[in-house]
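Here is the structure we will look at, set down as structure tokens.
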Amino acid sequence: MDMGYSMAMHRKLAPGKLVIASHNAGKVREIRALLEPFGIEPVSASDLGLPEPEETGTTFAENALLKAHAAAQGSGLPALADDSGLCVAALGDAPGVYTADWAEKQPFEGGPGRDWYMAMGKVEGKLAELGPDADRSAWFICTLALVWPDGHEEVFEGRVNGTLAWPPRGRMGFGYDPVFVPLGRTQSFAELDPAEKHAISHRADAFRKLVAAVF
Ligand code: IMP
């Protein structure tokens with residue numbers, strides 16, 4: 001798959017409206033700030049009343065593409081979607097595309113709802129089963145899919161490598177940030193200043209590739 005490394009074949013994104021295929025207000029705000037300098041007017045899928053498709057893919061790219069295709073078809077505008085997650089080497093790249101699902105509380109745990117400390121504990125529990133010498137390498141992936149109403153698609157993948165710490169540390173960020181220590185740092189993503197995290201994160205990496213290719 002073309003992950004955005006060759007510059008020549010990419011379709012350029014013209015100034016104008018772009019649907020952000022996410023119902024997460026935080027994500028939409030972050031993406032709006034990144035794209036406004038390029039004359040892009042982001043509108044969210046929820047503002048347009050577009051339904052959220054089920055994420056049935058088995059890869060980040062499949063899930064990002066199915067969200068972006070649904071939004072482009074539903075709106076008649078170019079659409080951008082992202083899918084992200086944590087991969088742990090010793091767990092065969094799990095939780096991967098199921099990163100959010102691992103945080104889903106069952107009714108006997110007080111669910112429905114998400115508990116990120118429970119999810120981090122699940123990862124740590126599985127590593128503990130492998131013994132004290134288990135490889136603690138991990139990485140976050142962010143895949144961005146940009147799809148036009150005629151079906152043309154562009155996919156960009158961002159990554160940040162690190163190791164898993166235990167116990168969780170820090171109060172900033174979200175999700176699995178308190179156990180993820182990026183390579184070359186001693187602090188977890190939840191201990192780093194948000195600006196520092198955003199400079200090195202998987203999402204920043206994916207956006208740099210998108211900006212280089214389509215503007
Ligand atoms: P989705 O991309 O909205 O499906 O979510 C994937 C899940 O991966 C999120 O709910 C987070 O738990 C996790 N995740 C993605 N990016 C980050 C990050 O930067 N820090 C911590 N967790 C993340």
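For ligands, and for the atoms within them, numbers begin at 1 and follow the listed sequence. From a predicted model like this one, the values you see are computed outputs, not experimental measurements.
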Intermediate values then yes/no, side chain to side chain contact (heavy atoms under 4.5 Å, CB included), Val160 and Phe180: CA-CA 10 Å; Val160 57; Phe180 186 81; 4.1 Å; yes
Ser84-ligand 1 polar pair, N/O distance under 3.5 Å: yes
Side-chain (Asp115) to main-chain (Met118) donor-acceptor, under 3.5 angstrom: yes
Nitrogen or oxygen atoms of Arg203 and ligand 1 under 3.5 Å apart: yes
Any pair counted as side chain to side chain donor-acceptor pair (under 3.5 Å), so long as it reaches residues 123-139, sequence neighbours left out: Glu124-Arg136, Asp135-Ser137
Identify all side-chain donor-acceptor contacts of residues 42-51 below 3.5 Å with residues at least two apart in sequence or on another chain.
residue : atom : partner : partner atom : Å
Ser44   : OG   : Ser46   : OG           : 3.2
Ser44   : OG   : Asp47   : N            : 3.1
Ser44   : OG   : Asp47   : OD2          : 3.4

For atom 9 (C) of ligand 1, closest protein heavy-atom neighbour: Trp116 CH2, 4.1 Å
Parallel, tilted or perpendicular: ring planes of His202 versus Phe189, cut at 30 and 60 degrees: parallel
Asp205 side chain to Arg159 backbone, donor-acceptor under 3.5 Å: yes
Identity and separation of the nearest protein heavy atom to atom 20 (N) of ligand 1: Asp177 OD1, 2.6 Å
Ligand 1 to His202 polar contact by distance, N or O atoms, under 3.5 Å: yes
Any side-chain donor near an acceptor of the partner, His152 and Glu154, under 3.5 Å: yes
Side chain, backbone, both or neither: the part of Phe140 lying under 4.0 Å from ligand 1 by heavy atom: side chain
Point-to-point distance, once rounded to the nearest 0.5 Å, from CH2 of Trp148 to CZ of Arg11: 6.0 Å
Protein heavy atom at shortest distance from atom 7 (C) of ligand 1: Thr99 CG2, 3.7 Å
Heavy atom of Asp83, distance to ligand 1 below 4.0 Å: yes
Whether Glu30 side chain and Lys27 backbone form a donor-acceptor pair below 3.5 Å: no
Nearest-neighbour protein heavy atom for atom 22 (N) of ligand 1, which is reported as residue plus atom name and distance: Tyr176 N, 3.2 Å
Selection from Phe60, Tyr98, Phe174 by shortest heavy-atom distance to atom 11 (C) of ligand 1: Phe174
Top protein contact for atom 1 (P) of ligand 1, by heavy-atom distance: Lys27 NZ, 3.8 Å
Whether Ser201 lies under 4.0 Å from ligand 1, heavy atom: no
Atoms of ligand 1 close to Lys197 [distance to a heavy atom under 4.0 angstrom, numbered from 1]: 18 (C), 19 (O), 20 (N)
